Amino acid sequence: MPELPEVEIVKQSLIKKVRGHKINEVRVFNKNLRFKLQNGFEKFLKNQKILNISRKSKYIIFHFQKEKFCLMHLGMSGTLHVINKKKKLFTNLSFYHSKSLPKKHNHIEFYISNFKLVYNDPRRFGFFRLIKSKKELRNYFKPYEPEALDKGFNINYLNQKLKNKTKNIKNLLIDQYFVSGIGNIYASEILHYSKINPNKKALKIKFKEMKNIVKFTNFVLKKAIKKGGSSIRNFKNLKGTDGNFQKEFKVYNREKQKCLREKCNGVIKKVIIGNRSTFYCNICQK
DNA sequence: CCGTTAACCTGAGAGC
DNA sequence: TGCTCTCAGGTTAACG
């Protein structure tokens, strides 16, 4: 479920909670996630000190000593829960939250200091990947350049790349190999700010519209981070409180409601593009 | 090579 | 209550 802003909030929470700590033990209950956990997963992580946690597009990166890393992708339903050893303190500290400690779908437990970090994922679309060198890390993320917030995602990049693309701009924005970090919610939001119809062919995008895509991608994603991400189901931060950006959606989940653009009398439409729900105003998005 | 579709999974919520 | 149906913030193999 999380897109770049939500993953960023998870990263910030993890830094506060686990940076500098050692992983004492790892227990795996189900290794069949989106991809099967690599052999020796537990052994690789045991006794590793977590030097830092960073984020690239929708990935969390755990940094260990001797240039070892572990990537974590939350897929659609991956959540992390901090559980203190005394059971009564179990529920509050969760990066994603459920009203009580999830009983099902706890697939991995990381024993850290005096608590455990639990990876829960009902749909099992999330995955982990062990990385054994800086070079391997660089290579892994090469196809995901540029990230939406990188300087490389700029007007020149779009100008060069869009002219031979026949597919629609909305599908292109959520294509992680074109630009990484944008998902289904923020693609609709960015295109509304940019006044571009999501069905518009990429090669028909004008120079001025490209400028808007760059500008509003930055604007929307950064504002979403500032607001703590979007909580439309159960996304919570470390303190167990909601993000607030869902209150600022211009189009997402607003089918049949009035367009919020000033002086626009449009009504938000919902269409399916590439199997995903897409929201837009057919008056001000051309 | 490119673009599109279906598949991978489970659970929440709507409608009846 | 309970059944059936649709939908979900992601990724990618397979197809034409």
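Computed from a predicted structure; not experimentally measured. The figures that follow rest on heavy atoms only: side chains count, while hydrogens, waters and symmetry mates do not. Convention: sequence-line order gives letters A, B, ...; per-chain numbering from 1.
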So, is Arg276(A) close to the dG9(C) phosphate, meaning a side-chain N or O under 4.0 Å from OP1 or OP2?
yes
Distance check, P atoms only: dA6(B) and dT6(C), in whole angstrom units.
15 Å
Please work out if Ser277(A) contacts a base, only the sugar-phosphate, or nothing of the nucleic acid, heavy-atom cut-off 4.0 Å.
sugar-phosphate
Can a salt bridge be assigned to the pair Asp150(A) and Lys56(A) using a cut-off of 4.0 Å between side-chain N and carboxylate O?
yes
Salt bridge (Lys or Arg N to Asp or Glu O under 4.0 Å), paired with Asp175(A), selected from Lys167(A), Lys161(A), Lys165(A):
Lys167(A)
Rounding to an integer number of Å, can you tell me how far Asp175(A) CG sits from dG10(C) P?
13 Å
How long is the gap from CD on Glu145(A) to OH on Tyr177(A), to the nearest 0.5 Å?
13.0 Å
For DNA chain C, what residues of residues 137-146 of chain A have any heavy atom nearer than 4.0 Å?
Tyr144(A)
Of the non-hydrogen atoms in Phe29(A) and Ile108(A), which two are nearest, and what is the gap between them?
CD1-N, 4.4 Å
Protein proximity profile, nucleotides 6-11 of chain B - base contact B, sugar-phosphate-only contact S, no contact -, cut-off 4.0 Å on heavy atoms
B-BBBS
Let me see the working for Glu8(A) and Arg55(A) under salt bridge (charged side-chain N to carboxylate O under 4.0 Å, His left out), right down to the final yes or no.
CA-CA 6 Å; Glu8(A) 174 64 22; Arg55(A) 178 194 56 72; 2.7 Å; yes
How many whole angstroms separate atom CG of Asn253(A) from atom C1' of dA8(C)?
10 Å
Nearest-Å distance, NZ (Lys58(A)) to C1' (dT11(C))?
9 Å
Distance in angstrom units between Lys161(A) NZ and dC2(B) C1', rounded
13 Å
Would you call Glu67(A)-Lys135(A) a salt bridge at under 4.0 Å N-O?
no
Between Glu136(A) and Arg129(A), is there a salt bridge with N-O shorter than 4.0 Å?
yes
I want to check one thing: is the phosphate of dT11(C), taken as OP1 and OP2, less than 4.0 Å away from some side-chain N or O of Gln176(A)?
yes
Out of dG9(C), dG3(B), dT11(C), which has the shortest distance to the side chain of Lys165(A)?
dG3(B)
Round to a whole Å and report the spacing from CZ of Arg129(A) to C1' of dT11(C).
15 Å
Using whole Å, what does the distance between atom P of nucleotide dT12(C) and atom CG of Asn171(A) come to?
16 Å
When clusters are formed by joining ILVMFWY residues with side-chain heavy atoms under 4.5 Å apart, either directly or through shared neighbours, do Leu51(A) and Val18(A) land in the same one?
no
Choose from dG10(C), dT12(C), dG9(C) the nucleotide whose nearest atom is closest to any side-chain atom of Phe35(A).
dT12(C)
For DNA chain C, please output the secondary structure as dot-bracket, reading 5' to 3'. Pairs are Watson-Crick or G-U wobble, both atom distances under 3.5 Å; mark crossing pairs with [ ], other-strand partners with |, unpaired with a dot.
.|||||||.|||||||
Establish, with yes or no, whether the OP1 or OP2 oxygen of dT11(C) is under 4.0 angstrom from a side-chain nitrogen or oxygen of His73(A).
yes
Lys/Arg N to Asp/Glu carboxylate O, Glu109(A) vs Lys116(A), below 4.0 Å:
yes
Rounded distance in Å - OH (Tyr177(A)) to C1' (dA13(C))
11 Å
Of all the choices, dC2(B), dC7(C), dG9(C), which nucleotide is nearest to the side chain of Thr166(A) once you look at every atom?
dC2(B)
Please report the closest heavy-atom contact between Lys36(A) and Asn32(A), naming both atoms and the distance.
CG-OD1, 3.8 Å
Using a strict 4.0 Å threshold on nitrogen-to-oxygen distance, state whether Lys226(A) and Glu248(A) make a salt bridge.
no
What integer distance in Å separates Ile174(A):CD1 from dG10(C):C1'?
9 Å
Looking at Phe62(A), I'd like to know if the NZ or CZ of Lys68(A) sits under 6.0 Å from its six-membered ring centre while staying within 45 degrees of the ring's axis.
no
